[in-house]
Every structure is written in C-alpha cells, then in structure tokens.
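Please read the structure below before turning to the comments.
FYI, side chains are in, hydrogens and waters are out, and symmetry mates aren't considered; it's all heavy atoms of this structure.
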Amino acid sequence: MEVLNLKIDDIKPYENNPRNNLDAVDATANSIKEFGWQQPIVVNKDMVIIAGHTRLLAAKKLGLDTVPVVVANNLNDEQVRAYRLADNKTGELANWDFELLNDELETIIDIDMSDYGFGLNDTETDDIDVTDKDLSETFSEKFELKVTCDNESQLEELYNELTERKFECSILA
C-alpha cells in the first residue's frame, strides 16, 4: 500500500455519501492535531473519497494544504461503492465494554479525551452518587419511577423516605 501526500483540493468528496459526518469533524480534527495522521484517506482512481470524508473535513478545518491518501486502484466500481458503505458500517457493529473502556480512560492522564467525544455519558455515570442530591432544578423534564414493594409496610417506609428527600410521590393502587 502506497501512501501519497496530495493537495487537499485534489480530493473530491463522494457526492452521494450517505453518512452525515458533521458531528464528528471537531473530534477528528482534535485527533489529527494531537496524534497526527495515522489513517490516510482512501480514494478511487478519480480521486473521489471512498473512506475518509470526515478526515477531509477535519483537515480543511485545520487549514492543511496536503493530506495522506491511498488510491484504491485494485477495486472496481461496485467494490468501491460496497467498501464505502462497509467501512462505515463495520464500526457501528462493534460495542464498548464499558468497564474496560473506563479502565483505559482512567490511565490517560495528560490528554483530555473529551476532545475526541468521550465524556460523562460514556463511562462515568455508574460512579456518581446522587442519593443526597436535589436534581429537581438540574433537569427541566420530570421522570417517573414505578416501584413494586413486597408489602404495605415496605411501601409506606419507602414513600416516607422519598417524600422526606423532597421527591414528589404518589401511591398507586
């Protein structure tokens, strides 16, 4: 595989790209800025992107003049269309092991991983203790919780505990 450095203006986005990439451009630009180019853009013989639309947008955002490119001369037109879709789809098929992800993120001290799309919603929510927090002003939406108790005494005890903590409660028959 030969990686070429080509002028950014010579690379053409695929006009029928079914992937909406705009939400990933900032994180991708941050990644390129921090780690450099580790994955080239893949184009067909006409310099139309097969894989790497987001990387091209990120490079433009960074004001780069050239980008690393691999020309996939070995693919026919149908293979190009299929690879374009497969490259995006295969990433969607994988799932995170959140325990291992959290372990990995905890070892990264000097790099702000929120620059790459990682944040509170990814791994840290299990570690937050909200039992003594009044979240009523934090959220504008109200959420309901249905609890089934084993007996009336347990129901009354739970009801009293929650109302003392300023939760709006009602007992359903």
Side-chain angles (χ1 to χ4, degrees), residues 1-130 133 135-143:
M1 174 180 354
E2 182 181 2
V3 178
L4 308 170
N5 279 315
L6 300 179
K7 292 181 182 176
I8 201 166
D9 294 331
D10 293 343
I11 310 303
K12 303 172 212 149
Y14 177 58
E15 65 182 29
N16 293 320
N17 181 25
R19 189 79 168 179
N20 295 318
N21 301 320
L22 294 180
D23 289 343
V25 173
D26 288 343
T28 303
N30 290 335
S31 178
I32 292 169
K33 194 168 26 175
E34 177 75 25
F35 310 114
W37 282 91
Q38 302 302 322
Q39 189 174 11
I41 296 170
V42 181
V43 298
N44 68 10
K45 62 187 179 316
D46 299 318
M47 298 299 131
V48 176
I49 295 176
I50 299 172
H53 286 87
T54 308
R55 291 187 293 274
L56 179 67
L57 292 171
K60 287 181 178 182
K61 180 181 178 91
L62 293 170
L64 302 179
D65 296 324
T66 62
V67 292
V69 174
V70 169
V71 181
N73 287 323
N74 59 322
L75 301 179
N76 65 38
D77 288 343
E78 183 176 27
Q79 288 175 318
V80 164
R81 287 191 300 277
Y83 177 55
R84 185 178 285 123
L85 297 176
D87 182 66
N88 283 290
K89 187 63 176 176
T90 54
E92 293 175 5
L93 299 175
N95 293 308
W96 289 106
D97 178 322
F98 288 106
E99 187 175 324
L100 292 175
L101 173 61
N102 194 43
D103 291 346
E104 286 295 309
L105 289 172
E106 286 177 354
T107 67
I108 300 170
I109 307 302
D110 297 325
I111 298 172
D112 183 356
M113 293 304 288
S114 67
D115 288 344
Y116 315 106
F118 290 95
L120 183 62
N121 293 337
D122 294 318
T123 63
E124 301 171 16
T125 54
D126 290 341
D127 298 332
I128 298 174
D129 182 8
V130 295
K133 307 269 192 266
L135 301 176
S136 60
E137 294 182 23
T138 306
F139 301 100
S140 59
E141 296 179 315
K142 300 269 183 176
F143 299 93

Problem set entry | Stepwise side-chain contact (heavy atoms from CB on, under 4.5 Å) test for Asn16 and Arg81 | CA-CA 10 Å; Asn16 293 320; Arg81 287 191 300 277; over 6 Å; no
Quick check for you: to the nearest 0.5 Å, what is the distance between [X] atom [atom1] and [Y] atom [atom2]?
X: Phe118; Y: Asn102; atom1: CZ; atom2: CG; result: 11.0 Å
X: Asn74; Y: Asn44; atom1: CG; atom2: CG; result: 11.5 Å
X: Asp10; Y: Met47; atom1: CG; atom2: CE; result: 8.0 Å
X: Ile41; Y: Leu4; atom1: CD1; atom2: CG; result: 12.0 Å
X: Glu106; Y: Leu101; atom1: CD; atom2: CG; result: 10.0 Å
X: Asp97; Y: Asp103; atom1: CG; atom2: CG; result: 8.5 Å

For this session: Using the side-chain contact (heavy atoms from CB on, under 4.5 Å) rule, take Val67 and Arg55 through it: C-alpha gap first, then chi angles, then the decisive distance, then the call.
Result: CA-CA 9 Å; Val67 292; Arg55 291 187 293 274; over 6 Å; no
Exercise. Mind checking whether Val42 and Val69 have side chains closer than 4.5 Å, heavy atoms only?
Worked result: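 Side-chain contact under 4.5 Å: no.
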Problem set entry | Sub-4.5 Å side-chain heavy-atom contact between Leu57 and Leu22 |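 In short, these two side chains touch, coming nearer than 4.5 Å.
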For this session: For residues 47-86, pull every pair meeting ring-ring contact (aromatic ring centres under 6.0 Å, His included), keeping only residues two or more places apart or in separate chains.
Result: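 The answer is none; no pair qualifies.
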Shortest non-hydrogen contact from [X] toward [Y]:
X: Leu62; Y: Ala29; answer: CD1-O, 3.6 Å
X: Leu56; Y: Pro13; answer: CD2-CG, 4.1 Å
X: Ile50; Y: Arg84; answer: O-CG, 3.2 Å
X: Ile49; Y: Tyr14; answer: O-CB, 3.6 Å
X: Ala58; Y: Thr28; answer: CB-CG2, 3.8 Å
X: Thr90; Y: Asp87; answer: OG1-O, 3.4 Å

For this session: Check the pair Thr66, Leu6 against side-chain contact (heavy atoms from CB on, under 4.5 Å), reporting the backbone distance first and the verdict last.
Result: CA-CA 5 Å; Thr66 62; Leu6 300 179; over 6 Å; no
Problem set entry | Partner residues of Arg19 under the side-chain hydrogen bond (donor to acceptor under 3.5 Å, both in side chains) criterion, sequence neighbours left out |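 side-chain hydrogen bond (donor to acceptor under 3.5 Å, both in side chains) list for Arg19, sorted by chain: Glu92.
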Problem set entry | Asp23, CG: over 12 other non-hydrogen atoms inside 6.0 angstrom |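 No.
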Problem set entry | Other residues, nucleotides, ligands: >12 heavy atoms within 6.0 Å of Asn20 CG |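 Counting neighbours around CG of Asn20, 12 or fewer heavy atoms of other residues, nucleotides or ligands fall under 6.0 Å, so no.
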Exercise. Is a salt bridge present between Lys61 and Asp26, judged by a nitrogen-to-oxygen distance below 4.0 Å?
Worked result: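 Yes, charged N to carboxylate O under 4.0 Å.
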For this session: May I ask you to say whether Asp77 pairs ionically with Lys45, meaning some side-chain N is under 4.0 Å from a carboxylate O?
Result: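 The answer is yes: the pair qualifies as a salt bridge.
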For this session: Would you please name every residue forming a side chain to side chain contact (heavy atoms under 4.5 Å, CB included) with Glu34, sequence neighbours left out?
Result: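 Partners of Glu34 by the side chain to side chain contact (heavy atoms under 4.5 Å, CB included) criterion, ordered by chain and then number, come out as Ile111, Tyr116.
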